[in-house]
Amino acid sequence: MQRLNRNFFTRDVLIVAPQLLGKYIVRRFSDGTTRHYLITETEAYRGEEDKACHARKGKTPRTRVMYGEGGLVYVYLVYGIHWMLNIVTGDENHPQAALIRSIKNIEGPGRVTRHLYIDKAFYGEDLTGSTRLWLEEGIRPPHYTAGPRIGIEYAGDKWKNKPWRFKTDKPD
DNA sequence: CCAGTGATCAGG
DNA sequence: CTGATCACTGGA
């Protein structure tokens, strides 16, 4: 299979997030085994003006990687328990990322990272060069539905209602 | 419905 | 330094 290259990631998150559906996350574990996971749900977080995006507070130690170029990994801990896996998108200094909410048979961003053994050690990982985590072309582009993002009540009406969550339709 | 759990960040 | 907050999950 073909690894997704830099050009795939350095586009606007509103293009990349839905296009991640039907692609494979590939994880090579320390024991040498490699597994593929089909992406089935993503969310877009877009720029400092997006009141739901962590970059709304500007560049901080945590959000720094989002200011890098597309294709890097943004991982953070939420509620002291769950690691969230995000793919940085867009050009340098355009802080954006796509949250991986679900992979086939595993719904929920915290469950995804638990199954893939992903934590802060992957912060800043380059998906175009890593030997333990990357993305590959997958099945034909699936039909999908867009809806509001989850868990961002704090963002206010304008931003919490944007249909920036993308989910593969049932049969797929 | 709600508690758990700890990194992160704004404010003193 | 302190305290509030949090892109969630699992178990009443």
Side-chain angles (χ1 to χ4, degrees), chain A residues 4 8-25 27 37-127 133 135 142 144-169:
Chain A
L4 298 181
F8 177 86
F9 299 107
T10 54
R11 298 174 294 158
D12 194 280
V13 68
L14 294 179
I15 303 293
V16 177
Q19 286 198 17
L20 286 170
L21 301 174
K23 302 289 194 286
Y24 287 109
I25 296 175
R27 179 82 170 87
Y37 304 89
L38 195 67
I39 298 173
T40 56
E41 187 177 12
T42 65
E43 279 178 359
Y45 290 87
R46 187 172 186 271
E48 296 182 346
E49 68 275 16
D50 177 3
K51 293 300 181 232
C53 182
H54 289 164
R56 69 188 178 278
K57 294 177 176 178
K59 192 190 261 190
T60 67
R62 180 172 69 153
T63 64
R64 191 176 65 82
V65 74
M66 273 203 279
Y67 289 78
E69 64 182 340
L72 304 178
V73 168
Y74 171 40
V75 176
Y76 67 92
L77 187 67
V78 73
Y79 296 112
I81 302 177
H82 310 289
W83 295 100
M84 300 288 105
L85 170 61
N86 297 257
I87 315 279
V88 174
T89 65
D91 292 323
E92 227 178 314
N93 293 314
H94 290 253
Q96 312 183 331
L99 171 68
I100 306 298
R101 279 202 80 84
S102 303
I103 54 183
K104 191 169 184 178
N105 299 327
I106 301 170
E107 296 222 339
R111 293 174 184 158
V112 168
T113 54
R114 200 200 310 157
H115 277 257
L116 301 201
Y117 295 91
I118 287 184
D119 61 16
K120 68 182 175 208
F122 286 82
Y123 183 93
E125 193 86 354
D126 184 353
L127 295 170
L133 185 67
L135 267 61
Y144 66 88
T145 303
R149 296 173 290 179
I150 306 293
I152 53 160
E153 294 307 301
Y154 59 85
D157 287 347
K158 169 173 176 181
W159 297 99
K160 94 179 174 208
N161 293 326
K162 296 224 177 267
W164 288 358
R165 179 167 53 98
F166 310 98
K167 183 168 186 169
T168 303
D169 290 340

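Residue numbers begin at 1 in each chain, while the letters A, B, ... track the order of the sequences.
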### Task
Using a strict cut-off of less than 4.0 Å between a Lys/Arg side-chain nitrogen and an Asp/Glu carboxylate oxygen, indicate whether A:Arg101 and A:Glu43 qualify as a salt bridge.
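A salt bridge is present here (some side-chain N lies under 4.0 Å from a carboxylate O).
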### Query
Is any side-chain N of the basic residue among A:Asp119 and A:Arg114 closer than 4.0 Å to the acidic one's carboxylate O?
no
### Query
Do A:His54 and A:Tyr45 make the cut of ring centroids closer than 6.0 angstrom?
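Between A:His54 and A:Tyr45, the centre distance exceeds or equals 6.0 Å.
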What's the separation between atom [atom1] in [X] and atom [atom2] in [Y], rounded to the nearest 0.5 Å?
| X | Y | atom1 | atom2 | result |
| --- | --- | --- | --- | --- |
| A:Gln96 | A:Cys53 | CD | SG | 8.5 Å |
| A:His82 | A:Tyr76 | NE2 | OH | 11.0 Å |
| A:Ile118 | A:Glu125 | CD1 | CD | 9.0 Å |

Atom [atom1] of [X] to atom [atom2] of [N]: distance rounded to whole Å?
| X | N | atom1 | atom2 | value |
| --- | --- | --- | --- | --- |
| A:Arg114 | B:dG4 | CZ | P | 18 Å |
| A:Tyr74 | B:dA7 | OH | P | 15 Å |
| A:Lys57 | B:dC9 | NZ | C1' | 6 Å |
| A:Tyr154 | B:dT8 | OH | C1' | 13 Å |
| A:Tyr76 | B:dT8 | OH | P | 12 Å |
| A:Leu77 | B:dT5 | CG | C1' | 8 Å |

### Summary
Taking B:dG4, B:dA7, B:dC9 as options, the one with an atom nearest any side-chain atom of A:Arg62 is B:dC9
### Message
Does any part of the side chain of A:Val75, heavy atoms only, come nearer than 4.5 Å to the side chain of A:Val65, both counted from C-beta?
### Response
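With C-beta onward as the side chain, the pair stays apart.
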### Task
For A:Ile81, answer base if it contacts any base atom (sugar-phosphate contacts may also be present), sugar-phosphate if it contacts only those atoms, and nothing otherwise; contact means non-hydrogen atoms under 4.0 Å.
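It contacts base atoms.
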### Task
Could you check A:Asp126, A:Val88, A:Leu127 and say which one makes a side-chain contact (heavy atoms from CB on, under 4.5 Å) with A:Phe9?
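Exactly one pass, corresponding to A:Leu127.
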### Query
Can you tell me if OH on A:Tyr154 sees more than 12 non-hydrogen neighbours from other groups inside 6.0 Å?
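For A:Tyr154, atom OH is crowded (more than 12 foreign heavy atoms under 6.0 Å).
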### Message
Reading DNA chain C from 5' to 3', where do the contacts with chain A start and stop? Cut-off is 4.0 Å to heavy atoms.
### Response
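Listing 5' to 3', DNA chain C meets chain A from C:dC6 to C:dG10.
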### Task
For A:Thr60 and for A:Val78, locate the closest nucleotide of DNA chain B by heavy-atom distance; then report the residue assigned to the nucleotide nearer the 5' terminus.
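On the 5' side of the pair lies A:Val78.
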### Task
Just need the stems in DNA chain B: three or more back-to-back Watson-Crick or G-U pairs, each with both distances under 3.5 angstrom, sorted by first number.
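When the pairs of DNA chain B are grouped into runs of at least three, the stems are B:1-4 with C:8-11, B:6-11 with C:1-6.
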